There are 2 protein chains.
Amino acid sequence: MSRDSSETKSRILNATWKLLESGDNAVRMSDIAKAVGISRQALYLHYPNRADLLVATTKHIDTAKNIDARLERSRSARTGGERLDAFIEAWGGYIPEIHGISVALRAMRHTDREAAEAWDGRMQAVRHGCAAAVRAIAGEGRLPPGLTPERATDLLWMLLSVENWERLVRDCGWSQADYEKEIKALARAELVVTP
Amino acid sequence: MSRDSSETKSRILNATWKLLESGDNAVRMSDIAKAVGISRQALYLHYPNRADLLVATTKHIDTAKNIDARLERSRSARTGGERLDAFIEAWGGYIPEIHGISVALRAMRHTDREAAEAWDGRMQAVRHGCAAAVRAIAGEGRLPPGLTPERATDLLWMLLSVENWERLVRDCGWSQADYEKEIKALARAELVVTP
DNA sequence: TTGTAACTTGACACAGTGTAAAGTTGACAT
DNA sequence: ATGTCAACTTTACACTGTGTCAAGTTACAA
């Protein structure tokens with residue numbers, strides 16, 4: 001046979017991605033194998049367990065969707081307020097892209113340490129983005145009195161959670177544009193004062 | 001033997017409650033049976049499945065903690081702003097009491113329809129509370145222009161999610177008092193204008 | 001031609017939920 | 001005192017999904 005191992009790997013990742021994206025909240029190893037056209041056992045030859053496969057899929061999506069470039073834009077914003085807006089656009093706009101896999105990863109959180117760490121790591125990266133936006137606002141002295149940068153970061157991080165996106169966009173039926181608009185308004189109302 | 005069936009039932013509910021509260025995120029039917037001092041199978045004599053047992057436990061906690069009386073206070077507030085504060089105190093203060101069971105119920109959401117409906121029903125009840133607070137604010141003409149009552153309700157509902165409480169209190173280490181204070185500030189900043 | 005990497009088939013261990021069946025025990029009625 | 005009944009017990013098993021193991025098969029390459 002001697003098919004290319006790395007080519008099979010990427011076919012696995014794409015199939016996993018597609019299945020998760022389809023919203024079927026019960027993507028089993030056998031479903032993925034069937035979609036790729038290999039046996040369930042062959043899957044384990046490439047990825048030792050489900051958590052590893054999901055984590056690899058996350059990285060795959062990050063590369064394909066070029067998350068780094070998206071976040072880059074927010075780093076070059078002039079004012080703190082603009083930086084806040086740009087970060088909300090970048091991350092908030094990325095949430096729908098990774099929603100399928102985020103559901104799967106969070107569902108494993110409680111039983112699988114590896115999955116939990118992968119998800120937490122991702123969330124910490126978002127938190128760093130929040131902290132940077134808050135620093136930019138604080139640097140201009142526009143953080144409300146009585147709100148420490150630390151606490152402002154926590155609040156922004158909370159606002160930008162995937163769960164909040166789910167609630168507004170999926171449960172309440174908001175459009176992505178409305179979501180971004182209102183979250184920006186909420187963040188500005190609480191974190192930025194006009195002196 | 002002829003032990004009282006309803007007494008055993010309440011011992012089961014209390015044991016389930018206690019186990020879930022202990023933060024052990026892996027409460028199996030056998031764990032509960034062991035805690036009560038009966039066989040696993042006897043559990044199924046009283047509750048046909050895990051979802052039913054969890055739902056019954058939720059109702060049990062509601063009764064024990066008298067959630068209705070707590071919410072009553074917010075309904076008697078004079079102004080819209082006061083009503084908003086009172087509701088945030090009532091529900092926000094209740095979240096820690098039901099946190100254990102909420103984790104268990106949400107973990108079953110994706111695989112068990114009954115559990116999903118039980119949790120969603122609860123969240124809809126919270127939403128009604130949010131809608132009532134928003135109506136009170138709107139009735140005073142203090143809702144910001146460009147924000148419909150519907151959308152304001154969605155935003156408040158999002159703010160008051162259990163997931164947001166988890167993020168701030170558990171992940172970020174906030175005290176319950178700080179949580180309530182900042183959520184109130186956030187809600188007022190976005191939903192109430194001083195004319 | 002022999003080795004090797006990528007696969008296949010088939011079997012099995014394990015955890016946890018839920019079902020089924022047969023037996024035990026204690027209270028209570030007649 | 002005896003029989004009935006509900007609350008339990010023990011034992012066993014079906015089912016799902018993950019992950020492991022072992023023995024083949026296939027095709028390319030040195």
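Values in this document were obtained by computation on a predicted structure and should not be read as measured data. For the numbers below, each heavy atom of this structure counts, side chains included, while hydrogens, waters and symmetry mates do not. The chains referred to below are lettered A, B, ... by the order of the sequence lines, with proteins before strands, and numbering in each begins at 1.
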Neighbour count >12 (heavy atoms, 6.0 Å) for atom CZ, B/R170:
no
Quick one: sort the B/W165 and B/H99 rings into parallel, tilted or perpendicular, breaks at 30° and 60°.
tilted
Between the side chains of A/R106 and A/E166, is the shortest nitrogen-to-carboxylate-oxygen separation below 4.0 Å, so that they form an ion pair?
yes
Tell me whether the guanidinium CZ or amine NZ of A/K184 lies under 6.0 angstrom from the six-membered ring centre of A/F87 and within 45° of its axis.
no
Sort and list the pairs that fulfil side-chain hydrogen bond (donor to acceptor under 3.5 Å, both in side chains) and have at least one residue in residues 49-65 of chain B, not counting sequence neighbours.
B/N14-B/H60, B/D62-B/Y94, B/D62-B/R122, B/K65-B/E97
Mind running side-chain hydrogen bond (donor to acceptor under 3.5 Å, both in side chains) on A/E182 and A/W174 for me, showing each step along the way?
CA-CA 10 Å; A/E182 294 295 350; A/W174 288 28; over 6 Å; no
Please list residues of [range] whose heavy atoms come under 4.0 Å from any atom in DNA chain C, ordered by number; otherwise none.
range	answer
residues 20-43 of chain B	B/R28, B/M29, B/R40, B/Q41
residues 44-58 of chain B	B/Y44, B/P48, B/N49, B/R50
residues 99-112 of chain A	none

Pairing residues for A/E163 by the side chain to side chain donor-acceptor pair (under 3.5 Å) criterion, not counting sequence neighbours
none
D/dA7 P sits how many Å from B/K9 NZ, rounded?
8 Å
Can any side-chain N or O of B/W157 pair as donor or acceptor with the backbone N or O of B/M123 at less than 3.5 Å?
yes
Hey, is the main chain of A/G92 close enough, under 3.5 Å, to the side chain of A/Q176 for a donor-acceptor pair?
yes
Can you name the side chain to side chain contact (heavy atoms under 4.5 Å, CB included) partners of B/E82, sequence neighbours left out?
B/A77, B/R78, B/T79
Does the side chain of A/T8 get closer than 4.0 angstrom to OP1 or OP2 of C/dA6 through an N or O atom?
no
